[in-house]
2 protein chains.
Amino acid sequence: MAVTLKDIARDLGVSTVTVSKVLRGQTDISDKTRERVLKRMRELNYQPNMLARALAGGRSQAVGLVVPDLIHPFFGEFARSLAGALRSEGLVLVLASSEEDPEIEEQEIKTLLARGVDVLLVASCRPATHPSPALAEASTPVLLVDRHFLDLPMDFVGTNDLMVGELAGRHLVGIGRRRIAHIGGRGISPTADRLQGFQRALAAAGVDLAEAYVVMRDGFEESGDATGYHAMQELLSLREPPDAVFCYNDLSAIGAMEAAMQAGLRIPQDIAFIGCGNLRYAEYLRVPLTSVDQSSHRLGELAAKRVLDLSAGAGAAPQTLRLEPRLIVRKSTVA
Amino acid sequence: MAVTLKDIARDLGVSTVTVSKVLRGQTDISDKTRERVLKRMRELNYQPNMLARALAGGRSQAVGLVVPDLIHPFFGEFARSLAGALRSEGLVLVLASSEEDPEIEEQEIKTLLARGVDVLLVASCRPATHPSPALAEASTPVLLVDRHFLDLPMDFVGTNDLMVGELAGRHLVGIGRRRIAHIGGRGISPTADRLQGFQRALAAAGVDLAEAYVVMRDGFEESGDATGYHAMQELLSLREPPDAVFCYNDLSAIGAMEAAMQAGLRIPQDIAFIGCGNLRYAEYLRVPLTSVDQSSHRLGELAAKRVLDLSAGAGAAPQTLRLEPRLIVRKSTVA
DNA sequence: TTGAAAGCGCTAACAA
DNA sequence: TTGTTAGCGCTTTCAA
């Protein structure tokens, strides 16, 4: 059996309360007693049982995060950054993945709540119009990440997706393209926001985003390369194929570029590509990919700050925090 | 406040024990009582408090996993597969990352133990010669992943790293290379095993692995591309540069290839490269990369099986499980 | 500055 | 088949 508070108290002839107070750094303990307790703790290599502490104290010092896909570099980097920031505040991050499955997501949310996390962060894979029921009812503070729900005011930290679209649109117009297409998604909020920003940028430049040039698909995370590949084939079969494509993310851009190259097109001379996410490998690709960077690292730090507030009950009104994306230009748009 | 067992018991005029038994599916309860309890649970949307359950029952139904780097695709895929297999057994996976820092690793291990995981899996970033103290002392069952410690018999699940090296060596010899080099690591067990297997394969073919052709470095996960890049520059500065290189992992192979291409060499005509890990993006690289695949997915399933045994106390003697790697040939070795 | 009492929500062991 | 008692290891509250 592990060493408990009681063991220490008994050894020293003090009460468990005294030991507990030392453990938590309370100040109403004499230096002499404190030293004796600390010494014994060291001797026995005492490790407090966090389950018991959480149950008795009502706070677990744990924060939960549910992401749609652990492999996805964006969430991996976000989680890393968040975990680091929380660790320095004495909080642990408990990670879970929904595998892009709303049922699993619901289950993971319930699990984390049942395990008493103080704050729950969720990047939901559900459509923006159909929030998770468990989340909506939760009494634990919730912070949405990357994707928000329509008509449901909740705390949110994410990228300014309108600007993602605008940066992409402006860049493609700026390099002289006019037959501009978009391979995008549906359901989650960033897809609509990015498209809207994209359209806005094109409109401002007097460029039309033809309906046939907008291809909507699903499955951009797990098998985004295949998704992009097939969507691109569709665009290539048009009478007048596009000379530039903004893809929802980098993975789909990779697939789309493959399709274009197979069709004998030169990138960027014949057709330019821009993605989003700024994958670690973007510069090592056959054609290095221009991408919109979401600064997932800073996003993690931002989320950590908000978590601290929420965990301290300083929630107040739901707050929306958005970070500005950055354009990273590579050879897929500029030779 | 959340609904508790007690609320249900009071509402129904039964004892909490009865409700608890229904909750856990015990059979010594009348169908009538069971139905009443279940009905009320549904009505109140009761969610058991897992903290309390774990504290009282001595089992948390949670399994911990500490990896050196979440971004690393190998660990991401392993975690995904493991989590899926555990979920179907009613266990949750709690993830933590050490960021390749032994101090953080030690802290995360202690945290997970303190939170009462039933089994702890660790892919340690410590040298094979210096096991984590917290791990060595743990009373919780531990399963090492991917990296093991010398002279410390513990349960282990990983790749057959000797064979990783052998596959790489045989392939390079097989395509006619003779000036063969290795960019490898030190410290963790797979580095030594892969090198040993590599040497064995070369020796079997009568090819010598010259000392100057073995470059040892650190930092293969986080910034492996830079590591590989610089190591390759060193190899290129030799009087007689190699005509083939086996890199410890894919990321370092990417960096090494960059250095070779910058030096004006053609891949694979002038110099061939082989990595390990079979990155998702390996085929989309400037030169698609030949790699040894570790089948992280099956490794996760294998680990899950062993976790179930350990968690049931069916540990018996420490067991070592190794999965056979597979060679995936691409253009970096065969045009 | 210390500690007694009560309890967090649940389960184990046994008794009725 | 059901319930009683006694905790799990810790914190909270309040009295001494």
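Letters go in sequence order (proteins before strands), and every chain restarts at 1.
Atom-to-atom, CZ of B:R115 to C1' of D:dC8 comes out at 17 Å; the value is rounded to the nearest Å. Distance CG (B:L44) to C1' (C:dG9): 16 Å, rounded to an integer number of Å. Going from atom CZ of B:R59 over to atom C1' of C:dA12 covers 15 Å, rounded to whole Å. The nearest whole Å value for the distance from the CZ atom in B:R10 to the P atom in D:dG3 is 15 Å.
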* Could you run down nucleotides 10-16 of chain D 5' to 3' and tag each one B, S or - for protein heavy-atom contact under 4.0 Å? -> BBB----
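Ring pair B:F78/B:F74 is parallel by interplanar angle, where below 30° counts as parallel and above 60° as perpendicular.
In terms of modelled atom types and a separation under 3.5 Å, the side chain of A:D7 and the main chain of A:T4 share a donor-acceptor contact. A:D155 places no side-chain N or O within donor-acceptor distance of the main-chain N or O of A:P318, the cut-off being under 3.5 Å.
In terms of phosphate contacts, A:T18 brings a side-chain nitrogen or oxygen within less than 4.0 Å of OP1 or OP2 of C:dG3. Between B:S15 and the phosphate of D:dT4, there is no side-chain N or O to OP1/OP2 separation shorter than 4.0 Å.
Scanning for ring pair (Phe, Tyr, Trp, His ring centres under 6.0 Å) contacts around B:F156 gives B:H148, with sequence neighbours left out.
If one axis is set at each end of the helix from C:dT1-D:dA16 to C:dA16-D:dT1 from five pairs, those axes are 30° apart, to 10°.
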* Please step through salt bridge (Lys or Arg N to Asp or Glu O under 4.0 Å) for the pair B:E105 and B:K110, ending with a clear verdict. => CA-CA 9 Å; B:E105 176 179 306; B:K110 284 185 181 162; over 6 Å; no
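Look at A:E43 and A:R36 and you find no salt bridge, because none of the NZ, NE, NH1 or NH2 atoms lies under 4.0 Å from a carboxylate O.
The heavy-atom pair separating B:G116 from A:L51 by the smallest distance is CA-CD1, 4.2 Å.
In this structure, the side chains of A:I109 and A:L112 stay at 4.5 Å or more apart for every pair of heavy atoms.
The residue A:L55 sits close to a base: some heavy atom pair falls under 4.0 Å.
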